[in-house]
Amino acid sequence: QVQLVESGGGLVQAGGSLRLSCLAPGRIFRSYAMGWFRQAPGKEREFVAAISRTGRIAYAASVKGRFTISRDNAKNSVNLQMNSLKPEDTAIYYCVADPNWPFQASSAAVWGQGTQVTVSS
């Protein structure tokens with residue numbers, strides 16, 4: 001069974017930075033776009049950022065200018081550098097592999113188990 005493995009979550013103060021990483025199986029990484037969704041308690045899951053196989057990038061308006069997504073093709077990983085973090089960013093962050101572009105959580109998407117990001121005031 002394919003599996004995406006997230007790492008890098010933790011607790012930071014508002015204004016701080018955190019870097020998330022997601023390791024994917026090579027077969028998935030080479031074939032799918034990669035991205036991140038997040039879900040806060042009691043709220044709907046929302047799109048955060050994505051990067052296609054060819055380097056096209058999309059960000060949610062709420063994180064544009066603060067978050068940066070990138071691919072490391074040598075390591076089959078996708079990274080999310082999060083700067084200027086706000087309490088509103090607190091959520092479980094899920095790595096997602098999806099064949100669709102524009103990026104979406106399609107029926108063919110592969111999900112990681114998530115990593116908790118908590119931003120204190």
Side-chain angles (χ1 to χ4, degrees):
Q1 183 178 4
V2 297
Q3 184 175 11
L4 307 180
V5 181
E6 303 102 330
S7 62
L11 173 64
V12 298
Q13 296 184 35
S17 298
L18 206 60
R19 181 176 180 270
L20 305 183
S21 295
C22 173
L23 183 65
R27 177 178 61 83
I28 295 296
F29 189 83
R30 290 189 297 270
S31 302
Y32 290 6
M34 303 291 296
W36 297 86
F37 280 75
R38 67 186 182 185
Q39 187 167 25
K43 297 184 178 180
E44 294 292 322
R45 185 179 60 205
E46 65 175 346
F47 169 76
V48 177
I51 183 167
S52 76
R53 294 174 59 197
T54 58
R56 291 173 292 179
I57 292 175
Y59 294 105
S62 60
V63 307
K64 187 174 295 184
R66 300 188 298 121
F67 291 10
T68 302
I69 190 170
S70 61
R71 296 175 73 112
D72 187 333
N73 293 328
K75 298 180 178 180
N76 292 340
S77 67
V78 60
N79 303 311
L80 186 69
Q81 178 66 45
M82 305 185 294
N83 298 326
S84 301
L85 283 163
K86 305 175 180 179
E88 300 94 304
D89 296 317
T90 296
I92 300 176
Y93 284 70
Y94 296 92
C95 181
V96 185
D98 197 305
N100 299 117
W101 193 268
F103 197 83
Q104 59 183 305
S106 73
S107 61
V110 178
W111 293 75
Q113 292 186 333
T115 184
Q116 177 71 48
V117 171
T118 303
V119 184
S120 62
S121 301

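Just so you know, these numbers use all the heavy atoms, side chains as well, and skip hydrogens, waters and symmetry mates.
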Looking only at heavy atoms, what is the nearest atom pair of T90 and V119, with distance? OG1-N, 2.9 Å
Measure the CH2-CD distance between W36 and E46 for me, rounded to the nearest 0.5 Å. 14.5 Å
Give, for atom OG of S17 and atom CD of Q81, the distance between the pair rounded to the nearest 0.5 Å. 5.5 Å
Chi angles and distances behind the side chain to side chain contact (heavy atoms under 4.5 Å, CB included) call for S7, S21: CA-CA 5 Å; S7 62; S21 295; 3.8 Å; yes
If you compare all heavy atoms of L20 against all heavy atoms of Y93, which two are closest, and at what distance to 0.1 Å? CD1-CB, 3.7 Å
Indicate if I57 and V63 have the same hydrophobic cluster label, given that clusters are the connected sets of ILVMFWY residues with side-chain heavy-atom separations under 4.5 angstrom. yes
Check step by step if side chain to side chain contact (heavy atoms under 4.5 Å, CB included) holds for Q113 and Y94. CA-CA 7 Å; Q113 292 186 333; Y94 296 92; 5.9 Å; no
Cation-pi check, R71 to F29: give yes when NZ or CZ is under 6.0 Å from the six-membered ring centre and within 45° of the ring axis, no otherwise. yes
Check whether Q39 reaches the backbone of A91 with its side chain - one donor and one acceptor, N or O, closer than 3.5 Å. no
Would you say the side chains of N100 and S106 form a donor-acceptor pair under 3.5 Å? yes
Which atom pair, heavy atoms only, marks the closest approach of V96 to A109? CG1-CB, 3.9 Å
Worked verdict on K86 versus R66 for side chain to side chain contact (heavy atoms under 4.5 Å, CB included): CA-CA 10 Å; K86 305 175 180 179; R66 300 188 298 121; 3.9 Å; yes
Rounded distance (nearest 0.5 Å) linking atom CZ of R19 with atom OG1 of T68: 11.0 Å
Any chance you could measure D89, atom CG, to T118, atom OG1, to the nearest 0.5 Å? 11.0 Å
Kindly determine whether R38 and R45 satisfy side chain to side chain contact (heavy atoms under 4.5 Å, CB included), including the steps that lead there. CA-CA 6 Å; R38 67 186 182 185; R45 185 179 60 205; over 6 Å; no
Might you point out which heavy atoms bring P25 and L4 nearest each other, and give the distance in Å? CD-CD2, 4.0 Å
Using the side chain to side chain contact (heavy atoms under 4.5 Å, CB included) definition, which of the options N79, D72, N73 pairs with K75? D72
F103 side, atom CZ; S52 side, atom OG - distance, nearest 0.5 Å: 10.5 Å
Qualifying ring pair (Phe, Tyr, Trp, His ring centres under 6.0 Å) pairs with a residue from residues 40-70, counting only residues at least two apart or across chains: F37-F47
Do M34 and L23 land in one hydrophobic cluster if side-chain heavy atoms of ILVMFWY residues count as linked below 4.5 Å? no
Interatomic spacing from CD1 in I51 to CZ in R56 - rounded to 0.5 Å: 10.5 Å
Would you name the heavy atoms of A49 and L80 that are closest together and state the gap between them? CB-CD1, 4.1 Å
